[in-house]
Amino acid sequence: MPAEPAPTTAAGPPTGDLTGPSPRLAHHAWPDLEDRAPLVLLPLGSFEQHGPHLPLDTDTAVASAVAGRAAARLRGEMDVLVAPAQSYGASGEHEGFPGTVSVGHDALRLLVTEIGRSMLRWAGRLLVVNGHGGNLVSLADAVTGLREESRDVAWWPCVPPGSDAHAGRTETSMMLRLRRSAVREDRAVAGPTDPVQLLMDRLVAESVRGVSPSGVLGDPAGARASEGERLLDRMADRLATDIRVWRVSGHGRLGTPERQPAAAGAVR
């Protein structure tokens with residue numbers, strides 16, 4: 001993959017940090033939050049292998065960047081804060097690789113539930129911006145339960161349409177944009193490139209390592225920071241639009257999914 005300078009954009013730096021009054025919840029003291037009922041965006045990722053070339057926090061980095069960029073787009077329209085990211089998720093399918101840390105579905109379901117109950121004592125709404133497809137079952141259950149308690153909560157997935165399954169060109173491009181120094185381009189290798197829905201039975205039976213010894217599902221060849229910028233911006237645009245409309249499905253999903261393969265993002 002040839003070197004390419006990271007592009008600049010009016011959306012702000014790659015991490016989604018903004019100028020002016022901080023949208024970061026962690027930067028505030030409690031008096032700053034009195035007489036407010038903000039929408040809080042909670043990036044939810046994972047800490048799992050992403051092939052031999054991408055860092056373990058890739059999903060968390062992407063979710064944090066998308067949340068930060070969406071908050072930038074909504075400035076002046078509504079009160080939005082970005083909470084510290086939750087980096088541990090349900091990643092059992094990746095536990096065949098060193099470095100992966102998974103809390104499992106039961107713990108993640110409880111964690112999201114308790115964060116929601118506590119945060120919504122003072123916040124107006126909570127949106128979990130999810131960067132790891134393996135979190136979806138427990139995330140949807142937790143959000144649905146919170147909504148049954150009359151709490152205004154939703155979740156939203158960071159899955160660019162047409163993306164490959166795991167550590168391929170899509171995620172490599174985004175990480176080249178967000179944190180090029182963490183991408184070991186000389187280690188990048190291709191894994192199985194079959195659509196993930198065709199691999200799902202084997203993934204369930206054998207885990208990711210049984211299907212791909214490198215941990216890659218897809219091909220990182222051709223990844224570029226400029227493509228990563230386009231993908232991140234498109235997700236942030238869509239997220240900001242969905243927040244403005246705030247239409248939540250029966251499963252707690254915010255917005256209308258873009259067309260994509262049925263199992264896309266299942267192992268991201």
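We're numbering straight along the sequence, starting at 1.
At a threshold of 4.5 Å between non-hydrogen side-chain atoms, the residues Asp242 and Arg253 count as touching. Taking the side chain as every heavy atom from C-beta outward, Ser138 and Val112 never approach each other to under 4.5 Å. By the 4.5 Å heavy-atom criterion applied to side chains, Val208 and Phe97 are counted as neighbours. In this structure the side chain of Glu185 reaches within 4.5 angstrom of the side chain of Leu176, judged on heavy atoms.
No hydrogens or angles considered: a donor-acceptor pair under 3.5 Å links the side chains of Asp152 and Trp246. A side-chain N or O of Ser22 and one of His27 form a donor-acceptor pair less than 3.5 Å apart.
The shortest non-hydrogen separation linking Tyr88 to Leu44 is O-CD1, 4.4 Å. In terms of heavy atoms, Pro160 sits closest to Leu231 at CB-CD2, 3.8 Å. Nearest heavy-atom pair across Leu42 and Gln86 is CD1-N, 4.4 Å. Counting all heavy atoms, side chain and backbone alike, Pro220 lies closest to Val189 at CD-O, 3.2 Å. Summarising the geometry of Gly134 relative to His105, their closest heavy-atom pair is O-CE1, 3.1 Å, with the distance given to 0.1 Å.
How far CG of Leu81 is from CG of Asp32: 9.5 Å, rounded to the nearest 0.5 Å. If you take OG1 on Thr172 and CZ on Arg184, they are separated by 12.5 Å, rounding to the nearest 0.5 Å. To the nearest 0.5 Å, atoms CG (Asp219) and CG (Asp164) are separated by 8.0 Å. Put simply, CG on Asn135 and CG on Leu111 are 10.0 Å apart, with the number rounded to the nearest 0.5 Å. Distance check, rounded to the nearest 0.5 Å: CD of Glu48 to CG of Asp59 gives 5.0 Å. One distance of note links CE of Met174 with CZ of Arg230; it measures 10.5 Å at 0.5 Å rounding.
Hydrophobic clustering of Ile, Leu, Val, Met, Phe, Trp and Tyr side chains at less than 4.5 Å, counting indirect connections, keeps Val248 apart from Val137.
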For Arg109 and Asp106, run salt bridge (charged side-chain N to carboxylate O under 4.0 Å, His left out): C-alpha distance rounded to whole Å, both residues' side-chain angles, the deciding distance at 0.1 Å, then the answer. CA-CA 5 Å; Arg109 185 182 301 109; Asp106 290 343; 3.0 Å; yes
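The 12-atom threshold is exceeded at CZ of Arg244, counting heavy atoms of other residues, nucleotides or ligands nearer than 6.0 Å.
Of the charged side-chain nitrogens involved, none lies within less than 4.0 Å of a carboxylate oxygen, so that Asp237 and Arg234 do not count as a salt-bridged pair. Looking at Arg202 and Asp194, no side-chain N of the basic residue comes within less than 4.0 Å of a carboxylate O on the acidic one, giving no salt bridge. Salt bridge status for Asp79 with Arg125: absent, with no side-chain N to carboxylate O gap under 4.0 Å.
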